Amino acid sequence: LRVGWEQLLTSINRNINEVENQILTRDS
Amino acid sequence: MPVFHTKTIESILEPVAQQVSRLVILHEEAEDGNPMPDLERPVMAVSRAVANLVKVGRETINSSDDPILKQDMPAALMRVEGASKLLEEASAMLKQDPLSGSARKKLIEGSRGILQGTSALLLCFDESEVRKIIRECKRVLDYLAVAEVIETMEDLVQFLKDLSPCLSKVSREVGGREKELTHQVHREILIRCLDQVKTLAPILICSMKIFIHIIAQGGKGAEEAAENRNYLAQRMTDEINEIIRVLQLTTYDEEEWD
């Protein structure tokens with residue numbers, strides 16, 4: 001469960017960074 | 001039917017969506033007796049990422065000239081921010097009580113909220129991109145509407161100079177959009193319509209030349225030539241309108257993956 005939650009939060013972190021990149025890319 | 005509307009959105013959201021589903025199942029199976037780990041560090045990393053995202057999002061809203069994006073994006077940003085707060089609260093609660101059931105629920109709610117919020121942001125952006133493509137399509141429609149008033153070769157040359165870059169842009173952007181879509185039927189319609197537009201364009205120009213030659217020589221057949229030209233312009237118009245219609249379709253359904 002620990003690994004599961006840490007993995008999820010890491011994945012969420014990556015997800016947020018990717019969304020940010022999308023916004024920055026399309027905005028330029 | 002695919003859940004995510006475009007391949008980009010799918011690639012970003014699917015892995016997280018799957019993990020959230022798995023964790024919900026795990027939690028339902030291990031409801032009692034298992035202490036939760038200390039999640040302070042990964043939660044703080046998420047909070048920092050969310051803060052960056054919100055900053056970038058707000059800058060985008062301020063600099064955008066798309067009124068719909070300016071209207072829709074703030075709510076999505078707030079959703080992500082709110083969800084991030086839930087994760088922080090859950091993490092703090094778990095530090096006090098690693099067995100807290102309500103803290104676990106907050107974790108799940110926060111994770112889902114981030115997924116929903118980032119999904120809404122991506123959709124907001126995607127719709128803005130589609131509006132840009134549709135604007136270009138409408139420019140082509142505007143040119144097609146004036147085809148019938150072109151009566152000299154000079155005007156035709158100018159018409160072509162104006163229409164060609166516009167058509168090329170539509171071709172490029174619709175072609176790119178088609179490749180992004182996950183819905184096979186929509187992709188096929190866009191491909192078919194675009195092929196039709198590319199085929200009809202030179203034929204339309206030809207028909208306009210014929211009309212101009214006929215009226216310049218004062219010969220018979222001007223009416224038929226005009227009808228032919230108008231028919232081709234209308235066919236192209238219909239294909240572009242179909243492209244616009246399909247571009248606005250979406251397979252995205254919030255409740256489906258919720």
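If you're wondering where the values come from, they're calculated on a predicted model, not measured in any experiment. Each chain gets a letter, A, B and so on, in the order its sequence line appears, and its residues count up from 1.
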Exercise for the section: Take B:Arg177 and B:Asp126 through the test salt bridge (Lys or Arg N to Asp or Glu O under 4.0 Å) and record every step on the way to the result. Expected result: CA-CA 10 Å; B:Arg177 181 65 184 173; B:Asp126 191 64; 2.8 Å; yes

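- Proximity to chain A involves both the backbone and the side chain of B:Leu53, based on heavy atoms less than 4.5 angstrom apart.
- The nearest pair of heavy atoms linking A:Gln7 to B:Gln19 is O-OE1, 3.4 Å.
- Residue B:Ser47: no heavy atom, backbone or side chain, is found under 4.5 Å from chain A.
- For A:Asn15, the parts lying near chain B are the backbone and the side chain together; criterion is any non-hydrogen pair under 4.5 Å.
- With a 4.5 Å cut-off on non-hydrogen atoms, B:Met44 does not touch chain A at all.
- Pairing each heavy atom of B:Arg187 with each of B:Lys179, the nearest pair is NH2-CA, 4.2 Å.
- The choice from B:Val43, B:Leu87, B:Asn52 that makes the most heavy-atom pairs within less than 4.5 Å of chain A is B:Asn52.
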Handout entry: Stepwise salt bridge (Lys or Arg N to Asp or Glu O under 4.0 Å) test for B:Glu109 and B:Lys106
Key = CA-CA 5 Å; B:Glu109 204 187 322; B:Lys106 259 193 210 265; over 6 Å; no

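- For a residue to count as touching a neighbouring chain, one of its non-hydrogen atoms must lie under 4.5 Å from one of that chain's; by this rule B:Ile108 touches chain A with backbone and side chain alike.
- Two residues are said to be in side-chain contact when any heavy atoms from C-beta on lie closer than 4.5 Å; A:Leu8 and B:Leu107 fail this criterion.
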